[in-house]
Amino acid sequence: MNSETNAQLAAFIRDICNLLRGPHKRNEFRKVILPLTVLRRFDWILAPTKQAVLTA
């Protein structure tokens with residue numbers, strides 16, 4: 001992963017954080033962001049096998 005991709009990913013996560021910040025209190029924020037980040041990571045890692053899983 002190069003620094004440009006890393007910066008884009010950080011900006012993407014920051015934008016999502018800003019969207020979620022409104023309805024959640026500051027101390028609840030990490031309870032929301034961490035699970036979403038983990039889900040996104042799983043989605044990214046499993047993307048190459050997605051079609052095979054969907055057709056099975």
Side-chain angles (χ1 to χ4, degrees):
M1 182 181 294
N2 62 27
S3 62
E4 183 179 325
T5 305
N6 194 17
Q8 289 174 343
L9 184 59
F12 176 71
I13 292 171
R14 208 174 311 115
D15 290 341
I16 291 173
C17 291
N18 288 334
L19 288 174
L20 294 173
R21 189 167 298 180
H24 299 286
K25 295 177 184 174
R26 190 173 210 101
N27 62 344
E28 297 173 339
F29 191 59
R30 70 184 130 167
K31 293 177 185 177
V32 175
I33 290 302
L34 183 59
L36 290 177
T37 304
V38 170
L39 287 174
R40 176 60 181 128
R41 177 74 175 161
F42 282 151
D43 182 51
W44 184 66
I45 290 172
L46 297 173
T49 61
K50 184 176 181 178
Q51 275 305 331
V53 171
L54 291 175
T55 58

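Note that the structure is predicted; figures quoted are calculated from it, not measured.
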Each residue besides L34 in its hydrophobic cluster should be listed here, by chain and number; the cluster joins Ile, Leu, Val, Met, Phe, Trp and Tyr at side-chain heavy-atom distances under 4.5 Å.
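Grouped by the 4.5 Å side-chain rule, V38, F42 form the rest of the cluster around L34.
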Check salt bridge (Lys or Arg N to Asp or Glu O under 4.0 Å) between D15 and all other residues, then give those that pass, not counting sequence neighbours.
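Per chain and number, D15 pairs via salt bridge (Lys or Arg N to Asp or Glu O under 4.0 Å) with no residue.
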Would you check, one step at a time, whether the test side-chain contact (heavy atoms from CB on, under 4.5 Å) holds for R40 with T37?
CA-CA 5 Å; R40 176 60 181 128; T37 304; 5.8 Å; no
What is the distance from atom CD1 of I33 to atom CD1 of I16, rounded to the nearest 0.5 Å?
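Rounded to the nearest 0.5 Å, the CD1-CD1 separation comes out at 7.0 Å.
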Would you list the atom pairs, donor with acceptor, under 3.5 Å between side chains in residues 49-56 and any protein atom, with sequence neighbours excluded?
| residue | atom | partner | partner atom | Å |
| --- | --- | --- | --- | --- |
| T49 | OG1 | L46 | O | 3.0 |
| T55 | OG1 | Q51 | O | 3.0 |
| T55 | OG1 | A52 | O | 3.2 |

